[in-house]
Amino acid sequence: MKDRKYLFGPVPSRRFGWSLGVDLTPYKSCSLDCVFCQLGRTTNKTVSRKEYVPTDDVISEIDDWLNAEGSADFITLSGSGEPTLHLHFGKILDYIRSNSNIPAVLLTNGTLLYLKEVRDAALSANIVKISLSAWDQSSYDWVNRPHKQLEFSRLLEGYKDFRKQFHGELWMEVFLVWGINSIPSDVRKIATLAREIKPDRIHLNTAVRPPAEEFAEAVSIERLSSLQHFFNPEAEVIAEFNASKGITVKENKDFIFSMLARRPCTIDHIAKGFGLHINEASKYIGSMMRSGEIMEERKNSTVYYAATRMKAIGKSSSL
């Protein structure tokens with residue numbers, strides 16, 4: 001197997017089981033700068049569509065993976081930024097559909113679906129997951145911090161037009177942040193718009209992994225559960241994925257913990273240190289934060305992670 005520049009995983013996903021990720025943009029090229037983003041603040045906020053990475057090289061990696069391994073529940077266009085910024089993401093979806101029985105998924109923030117060429121390319125996916133966490137321009141600006149050329153009304157227009165064309169499964173993620181868009185009256189507004197778009201499934205999510213902004217606090221599972229019935233179809237609260245196969249997940253967590261027991265590191269340090277994609281590193285960090293094994297330390301605008309003192313002592317004493 002050649003070294004992979006554009007593929008990562010398969011990794012455990014809360015929605016897609018074991019998912020092979022396909023990364024089509026450099027870190028962190030996106031049309032939004034969401035306060036809750038697990039990958040941190042957007043460093044290249046853009047709506048410019050171009051061939052950010054070579055299409056033929058991506059397809060070559062996918063072909064190599066299919067021939068060498070080819071085992072995953074889904075192949076997902078996601079990664080370090082917004083995949084529809086890539087000019088030829090549709091060609092990559094077409095290749096997956098033509099050469100594999102594994103469902104192809106497009107994870108998109110939906111901001112470019114108002115463009116006909118983007119909608120047409122997205123039709124090649126088996127599943128398209130879009131996002132809706134606001135109800136008007138003001139809340140859109142606050143929660144998602146869009147590129148200055150993007151308008152909330154155009155986002156909704158793009159969603160409705162795409163729904164009319166798309167015959168695959170349209171999933172919607174509603175990401176709620178405590179004190180920002182989580183009060184029932186605001187969630188009802190989002191749910192009203194969601195009914196107009198008519199997704200097949202709706203997922204309620206919150207900041208279970210360290211977000212871009214410290215103030216983006218998670219909504220409790222109890223609160224999320226109380227909001228499910230606002231939506232039609234009724235929303236699903238996404239539970240954390242429990243990896244049940246393979247020793248690699250446990251080994252990686254142990255290695256990451258040992259590193260953080262010695263010194264605090266950023267997510268970028270962790271990803272590069274263990275040869276992980278930043279999305280993979282984020283999943284491990286989120287899991288270890290929830291279990292209390294590690295903690296977050298913010299220095300200016302940079303987030304570091306360190307082993308918690310009691311866990312580190314317990315680990316050392318057991319060696």
**Message:** List the residues meeting side-chain contact (heavy atoms from CB on, under 4.5 Å) with Ala134, not counting sequence neighbours, and say none if there are none.
**Reply:** Ser139, Tyr140, Asn144, Phe152

Partners meeting side-chain hydrogen bond (donor to acceptor under 3.5 Å, both in side chains) with [X] (sequence neighbours left out):
| X | answer |
| --- | --- |
| Asp141 | Gln137 |
| Gln149 | none |
| Glu157 | none |

Applying ring-ring contact (aromatic ring centres under 6.0 Å, His included), name anything that partners [X], two or more places apart in sequence or on another chain.
| X | value |
| --- | --- |
| Phe166 | Phe162 |
| Tyr95 | none |
| Trp135 | none |
| Trp178 | none |

**Prompt:** With a 4.0 Å cut-off, would you call Glu61 and Lys5 a salt bridge?
**Reply:** no

**Asked** Would you call Asp200-Lys129 a salt bridge at under 4.0 Å N-O?
**Response**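 No, Asp200 and Lys129 are not salt-bridged.
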
**Prompt:** Which residues, ordered by chain and number, are linked to Phe215 in its hydrophobic cluster, where ILVMFWY side chains connect at heavy-atom gaps below 4.5 Å, directly or through other members?
**Reply:**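 Listed partners: Val35, Phe36, Trp142, Val143, Phe175, Val177, Ile180.
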
**Item:** Side-chain donor or acceptor of Ser100 paired with backbone N/O of Ile102 under 3.5 Å
**Value:** yes

**Request:** Keeping to residues at least two apart or across chains, list the side chain to side chain donor-acceptor pair (under 3.5 Å) pairs with something in residues 85-94.
**Result:** Asp94-Ser124

**Request:** Would you list the pairs meeting side chain to side chain donor-acceptor pair (under 3.5 Å) in which at least one residue belongs to residues 216-236, sequence neighbours left out?
**Result:** Arg201-Glu236

**Prompt:** Would you say the side chain of Tyr159 lies within less than 4.5 Å of the side chain of Leu113, judging by non-hydrogen atoms?
**Reply:** yes

**Residue pairs fulfilling salt bridge (charged side-chain N to carboxylate O under 4.0 Å, His left out) with at least one residue in residues 20-34, sequence neighbours excluded** =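 Sorted pair list: Asp33-Arg145.
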
